[in-house]
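Here the structure comes first, spelled out in structure tokens, and everything after it is commentary.
First the proteins, then the strands, lettered A, B, ... as listed; each starts at 1. Nothing here was measured: the structure is a model prediction, and the numbers come from that model.
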Amino acid sequence: METKYDPKQIELKWQDIWQERQLFQVREDPDKEKYYLLEMFPYPSGNIHMGHVRNYTIGDVVARYKRMKGCNVLHPMGWDAFGMPAENAAIAHSVHPAKWTYENIETMKSQLKRLGFSYDWDRELATCQPQYYHWEQWLFVKMLERGMVYRKRSSVNWCQDCQTVLANEQVEAGLCWRCGNVVVQKELDQWFFRITDYADDLLEYCDNLPGWPDKVVTMQKNWIGKSVGAEIYFPLEKSGDHISVFTTRQDTVYGATFMCMAPEHPMVLKLSAGTPQEAEVRAFVERMARQDKAKRTSEDYEKEGVFIGTYCINPFTKRRMPIFTANFALMEYGTGAVMAVPAHDQRDFEFARKYDLEIVVVIQPEGATLDPETMTEAYVGEGLLVRSPPFDGLKNVKALDAIADYLQDKELGKRAINFRLRDWGISRQRYWGAPIPVVYCETCGVVPVPEKDLPVVLPEETHMLEGGRSPLPTLESFLTTQCPRCGNARARRETDTMDTFVESSWYFERYCSPRHVEGMFDKEAVRYWMPVDQYIGGVEHAILHLLYSRYFTRVLKDFGLVDYKEPFTRLLTQGMVCKETKKCPDHGFLYPEEVVQREGRPTCKHCGRPVEVGRIEKMSKSKKNVVDPNLLMEKYGADTLRLFCLFAAPPERDLDWSDQGVEGAYRFLNKVWRLVSDHVEVLKGIEPYDGGQELDGESKDLYRKTHQTIKRVTTDIDTRFHFNTAISAVMELVNTIQALRVDLCSDATGCAVLRFSLETTVVLLSPLVPHFADELWEALGHTGSVLEVFWPTYRQEAIEEDQILIVVQVNGKVRSRFQVSADTDEERIKAAALADERVVARLAGRPVKKLIVVQNKLVNIVV
RNA sequence: GCGAGAGUGGCGAAAUUGGCAAACGCACUGGACUUAGGAUCCAGCGGCUUCGUGCCUUGCGGGUUCAAAUCCCGCCUCUCGCACCA
């Protein structure tokens with residue numbers, strides 16, 4: 001055995017062996033317990049970053065651990081390969097998106113292999129392959145036939161920079177989630193998935209996800225945003241028509257004194273036509289349309305609106321209500337119109353004060369009287385209804401139901417439920433995506449591409465256009481086609497592609513039978529493997545990807561393709577990888593080498609000004625605080641990198657990068673290496689101790705410690721995924737071995753225990769640092785990989801200490817401690833505690849009021 | 001504003017159910033070995049201290065309890081998510 005630990009050499013060696021022996025390839029085996037472990041697949045951006053390393057290391061530990069526990073583990077990897085960066089790169093470097101993507105996949109694949117991850121590479125898939133998106137198109141057509149997809153001209157979120165539409169989920173505070181530019185509204189014909197049909201079910205099942213973090217479940221619930229209330233019809237004063245509003249506060253309807261409509265509401269211009277206010281209204285509506293939504297909803301908090309010149313009637317009070325169009329009314333929520341109850345809604349209150357509108361109190365809090373003249377804010381609390389015949393005196397919470405029933409009876413409205421969730425717009429005006437399989441014919445209209453003509457292959461013989469526009473609408477060979485229904489030769493293909501989130505909504509099913517050619521997947525394979533037992537990924541996908549996947553699974557279930565509703569049984573959202581940033585007031589973020597020490601303080605290399613250090617932020621290129629995994633692997637090897645990522649923090653928490661911490665991980669591996677290499681000769685031919693003859697003294701201590709460590713590591717990995725504490729447990733064991741080894745080597749039993757402990761150390765470390773463990777395992781005289789060894793079990797009787805430390809407290813403060821043998825009964829312990837000389841001194845003769853004994857742990861004497 | 005989570009040494013963090021606060025590691029200090037040490041090994045390492053093993057210490061203030069980092073009430077700070085949602 002080499003005396004020096006040479007990570008690179010052994011890592012490459014074992015990676016070859018694993019590959020050759022196909023250790024990670026799996027197939028369905030009904031005799032074995034299955035375990036589907038999935039990490040979110042990466043976008044092939046070109047290089048793996050530390051976030052990937054952390055995510056995939058966590059997954060790999062679990063996968064290897066489960067294999068050693070005897071499970072049949074599916075652990076696949078693939079590529080979320082469609083998307084815009086490929087197009088941007090194509091424009092910037094004049095290279096085809098496909099070429100760019102496939103080259104990146106090759107690079108990143110070799111990096112993942114270099115890290116020693118145990119993937120079944122036979123199942124690798126890339127979503128840009130026609131064999132993959134073929135089945136997505138197939139499903140789209142099926143959904144279209146069933147009315148689960150529809151086309152609608154609508155105002156959509158448009159990013160000028162990305163030249164595409166964005167889903168609501170992809171707009172963050174009015175900015176594009178990808179490029180950060182302002183999102184504007186644009187009218188376009190778009191395809192939508194009816195995700196809202198599943199809103200209730202998606203919401204309800206949030207409570208059936210015990211394996212998910214509360215945080216993610218809450219975010220999903222909030223995003224779906226269910227509101228229970230009523231729709232109420234307000235007749236117009238001068239026509240038979242009415243305005244419909246959605247409200248959750250129908251109990252306050254008697255206090256509705258005016259009406260607010262979104263500027264986009266189609267009735268606004270119609271109703272103001274011919275009134276003196278027409279021009280003003282038109283100007284307001286146009287101004288709102290120009291104003292981007294980010295401004296209108298966040299910065300510009302000021303409520304404003306204009307009277308549109310007509311009135312409607314409150315059907316409950318017969319009051320004449322002026323109709324306004326107001327900036328705070330949103331066309332996308334409810335009906336786009338709001339009944340304003342200024343006494344009981346803060347927004348309406350402010351609006352009423354500003355435009356001097358009537359405020360009518362209809363809910364009185366108990367024991368107080370509200371006066372509209374003197375109120376300074378709306379009263380939104382509970383109370384009794386007033387001025388609301390026949391509901392006066394009713395508690396407002398009860399009135400919600402009573403008035404909803406009344407509405408329904410008198411046909412003044414109906415009970416209604418409203419969701420924040422909108423249908424999922426999937427059309428993207430981009431090239432690098434899966435074509436939407438639809439043809440437009442002059443005579444037949446919208447015609448889905450028939451099953452036999454699928455897939456509609458994205459033409460690759462093209463070049464990108466400047467500004468990021470899709471070349472598809474200009475590509476005659478793609479655009480013009482025969483109508484599949486009537487044969488008209490001048491039909492046109494849909495040139496939009498699908499949102500890439502569609503691909504990532506079913507890739508986990510595809511992994512079960514990735515080469516299946518007769519459908520999306522082999523139903524039997526899916527029945528065996530799905531659902532995913534453990535899913536691991538970044539919290540940034542807590543809403544988007546996870547919600548879409550849950551929705552997609554329901555669609556598949558409705559088609560009878562799967563028999564479960566929830567795709568992911570357990571979810572782990574790992575924290576971010578962070579590092580200190582360095583920032584110069586003039587030059588912005590700096591790389592570490594741009595910072596020089598001057599007079600003991602960090603200063604900017606370019607201007608000499610003091611640099612702000614110490615802010616820990618998520619690693620990103622723009623903040624210049626990234627660490628390149630490749631360099632670290634070159635220097636320390638993959639195992640050190642893995643070990644550090646696992647040790648520095650529990651997985652769900654953010655990880656603060658520390659170069660010195662990496663050094664420490666490397667040192668630990670070297671220490672274990674030396675420990676083994678120092679004893680390899682002595683231990684040759686010695687069998688590991690297996691509990692035969694009685695042990696005593698140090699060999700017994702070490703044997704006990706070893707079993708205790710097995711227990712700790714097993715529970716830490718199995719029940720909590722707390723690899724950091726698992727590693728510290730092994731470190732303790734290693735420290736113990738280190739301290740005792742010289743004495744142990746003096747007799748045969750000691751040597752046997754030493755071998756047992758060293759081998760256990762290697763086995764326990766193997767999921768974390770697999771190459772390292774395999775090399776030591778071999779050095780200790782074994783053949784094959786530790787992966788094929790069963791995970792060790794501990795013996796309860798070996799764990800138990802014969803001596804127990806009893807802590808003695810007086811009035812809750814620790815005053816003494818003593819050892820007793822493990823079988824000492826309570827009375828003897830009490831007596832020993834009271835006889836303890838430190839305790840006696842403390843008591844100073846005071847009478848004992850109470851004596852509490854905690855079995856095997858502690859005595860508390862109260863005086 | 002609403003919702004969720006977090007706050008423990010110089011730092012990353014430990015502390016199954018309320019039962020010795022600070023395991024493990026990083027950094028630091030001293031020693032050994034050494035031509036050398038940025039390798040390795042050994043020891044120390046929350047604060048105060050009259051060095052007695054004495055007092056204090058888990059964001060702040062209360063409470064429950066024999067006993068609280070842990071449970072309850074109030075407050076502060078930070079992070080994340082949603083945000084004019086009718």
Side-chain angles (χ1 to χ4, degrees), chain A residues 4 172-173 213-223 225-227 229 245-250 252 256 260 262 296-298 300-303 326-330 332-341 345-348 350-351 418-420 539-540 542-543 575-576 616 644 647-650 652-665 667-668 670-671 674 712 715-716 719-720 722 724-735 738-739 805-817 838 848-863:
Chain A
K4 196 174 176 313
E172 294 168 349
D214 293 344
K215 180 185 172 168
V216 175
V217 171
T218 311
M219 281 165 74
Q220 295 242 327
K221 281 184 185 169
N222 291 344
W223 190 264
K226 182 178 184 174
S227 300
V245 298
F246 173 75
T247 181
T248 55
R249 291 299 305 274
Q250 60 270 24
T252 64
C260 288
R296 192 175 124 193
T297 54
S298 61
D300 212 21
Y301 224 122
E302 177 76 18
K303 284 149 197 59
N327 61 347
F328 66 80
L330 306 171
E332 312 84 76
Y333 189 79
T335 61
V338 188
M339 69 169 201
V341 185
D345 180 285
Q346 187 56 25
R347 217 178 24 194
D348 299 345
E350 287 168 32
F351 197 84
N418 203 39
F419 291 96
R420 214 186 75 106
V539 75
E540 65 271 19
I543 298 173
M576 300 180 299
I616 311 281
F644 174 73
F647 183 58
E652 66 277 7
R653 219 183 296 185
D654 286 353
L655 185 156
D656 286 0
W657 191 262
S658 154
D659 292 331
Q660 284 157 336
V662 180
E663 198 81 41
R667 242 186 336 244
F668 171 70
N670 272 289
K671 186 174 183 172
R674 275 194 308 275
R712 279 176 65 187
T715 50
D716 280 350
T719 64
R720 317 193 298 167
H722 277 202
N724 55 330
T725 49
I727 294 166
S728 30
V730 179
M731 285 174 168
E732 280 187 51
L733 176 61
V734 168
N735 291 343
Q738 170 111 325
L805 184 73
I806 302 291
V807 172
V808 188
Q809 298 181 328
V810 176
N811 288 340
K813 290 199 194 299
V814 179
R815 294 305 179 190
S816 186
R817 51 197 84 177
R838 285 211 198 94
V848 174
K849 264 198 217 149
K850 206 169 178 182
L851 196 63
I852 287 126
V853 180
V854 181
Q855 192 62 51
N856 292 343
K857 255 184 195 160
L858 167 142
V859 179
N860 191 9
I861 303 163
V862 187
V863 294

Within the structure shown, what part of the strands sits under 4.0 Å from [X] by heavy-atom distance: base, sugar-phosphate, or nothing?
X      : value
A:V814 : sugar-phosphate
A:R838 : nothing
A:P213 : nothing
A:L805 : base
A:D348 : nothing
A:G664 : sugar-phosphate

Check: A:V245 and A:Q250 side chains under 4.5 Å, non-hydrogen atoms: no
Side chains of A:K215 and A:V539 in contact at under 4.5 Å (non-hydrogen atoms): yes
In Å and rounded to the nearest 0.5 Å, what is the [atom1] to [atom2] distance from [X] to [Y]?
X      : Y      : atom1 : atom2 : value
A:I806 : A:K857 : CD1   : NZ    : 10.5 Å
A:D656 : A:M576 : CG    : CE    : 10.0 Å
A:T725 : A:F647 : OG1   : CZ    : 9.5 Å

Taking the [atom1] atom in each of [N] and [M], what is the distance between them to the nearest angstrom?
N     : M     : atom1 : value
B:C78 : B:G59 : C1'   : 10 Å
B:G38 : B:U29 : P     : 11 Å
B:A23 : B:G46 : C1'   : 15 Å
B:G47 : B:C11 : P     : 12 Å
B:U8  : B:A13 : P     : 9 Å
B:G44 : B:C26 : P     : 16 Å
B:A15 : B:A21 : C1'   : 7 Å
B:G25 : B:G7  : P     : 23 Å

Measure the distance from [atom1] on [X] to [atom2] on [N] and round it to the nearest whole Å.
X      : N     : atom1 : atom2 : result
A:D716 : B:A15 : CG    : P     : 8 Å
A:Q660 : B:G25 : CD    : C1'   : 12 Å
A:E732 : B:C24 : CD    : P     : 5 Å
A:E663 : B:A39 : CD    : C1'   : 11 Å
A:E652 : B:U79 : CD    : P     : 20 Å
A:L330 : B:C82 : CG    : C1'   : 14 Å
A:E332 : B:A86 : CD    : P     : 14 Å
A:R817 : B:G19 : CZ    : C1'   : 13 Å

Partner residues of A:R667 under the salt bridge (Lys or Arg N to Asp or Glu O under 4.0 Å) criterion, sequence neighbours left out: none
Please tell me if [X] has a side-chain N or O lying less than 4.0 Å from either OP1 or OP2 of [N].
X      : N     : answer
A:N418 : B:C85 : no
A:R712 : B:U16 : no
A:R420 : B:C84 : no
A:R249 : B:C85 : no
A:S227 : B:A86 : yes

How close do [X] and [Y] get, heavy atom to heavy atom, and via which atoms?
X      : Y      : result
A:D654 : A:A649 : O-CB, 3.7 Å
A:G336 : A:A329 : O-CB, 4.4 Å
A:A542 : A:Q220 : O-NE2, 2.8 Å
A:M339 : A:D348 : O-OD2, 3.8 Å
A:T335 : A:F246 : OG1-N, 3.7 Å
A:Y333 : A:S227 : OH-OG, 3.0 Å

Member of A:L733, A:V734, A:I727 meeting the side chain to side chain contact (heavy atoms under 4.5 Å, CB included) criterion with A:M731: A:I727
Verdict with supporting geometry, A:E332 and A:R420, side chain to side chain contact (heavy atoms under 4.5 Å, CB included): CA-CA 9 Å; A:E332 312 84 76; A:R420 214 186 75 106; over 6 Å; no
Minimum-distance nucleotide to A:R815 side chain [options: B:C55, B:A15, B:C85]: B:C55
Closest nucleotide among B:A86, B:C84, B:A23 to the A:K303 side chain: B:C84
Stem regions touching RNA chain B, defined by at least 3 consecutive Watson-Crick or wobble G-U pairs below 3.5 angstrom: B:1-7 with B:76-82, B:10-12 with B:24-26, B:28-32 with B:40-44, B:46-48 with B:54-56, B:59-63 with B:71-75
Residues, nucleotides or ligands: over 12 heavy atoms within 6.0 Å of A:R838 CZ: no
Pairwise 5' ranking along RNA chain B for A:M576 and A:P650, keeping only the more 5' one: A:P650
Along RNA chain B (nearest heavy atom to each residue), the more 5'-positioned of A:M731 and A:T725: A:T725
Using nucleotides 65-68 of chain B, report all nitrogen or oxygen pairs with the protein that are shorter than 3.5 Å.
| residue | atom | partner | partner atom | Å |
| --- | --- | --- | --- | --- |
| B:C66 | OP1 | A:K850 | NZ | 3.1 |
| B:C66 | O2' | A:N860 | ND2 | 3.1 |
| B:C66 | O2 | A:N860 | ND2 | 2.5 |

Heteroatom pairs (N/O) under 3.5 angstrom, protein to nucleotides 41-49 of chain B:
| residue | atom | partner | partner atom | Å |
| --- | --- | --- | --- | --- |
| B:C41 | OP1 | A:Q738 | NE2 | 3.2 |

Sequence neighbours left out, cut at 3.5 Å: what donor-acceptor pairs do the side chains of residues 808-816 of chain A make with other protein atoms?
| residue | atom | partner | partner atom | Å |
| --- | --- | --- | --- | --- |
| A:N811 | OD1 | A:V863 | N | 3.0 |
| A:S816 | OG | A:D836 | OD1 | 3.1 |
| A:S816 | OG | A:D836 | OD2 | 3.0 |

B:G9 glycosidic torsion: syn (within 90° of 0) vs anti: syn
Sub-6.0 Å ring centroid separation between A:F351 and A:F328: yes
B/S/- contact track for nucleotides 2-12 of chain B, protein heavy atom under 4.0 Å: -SS-------B
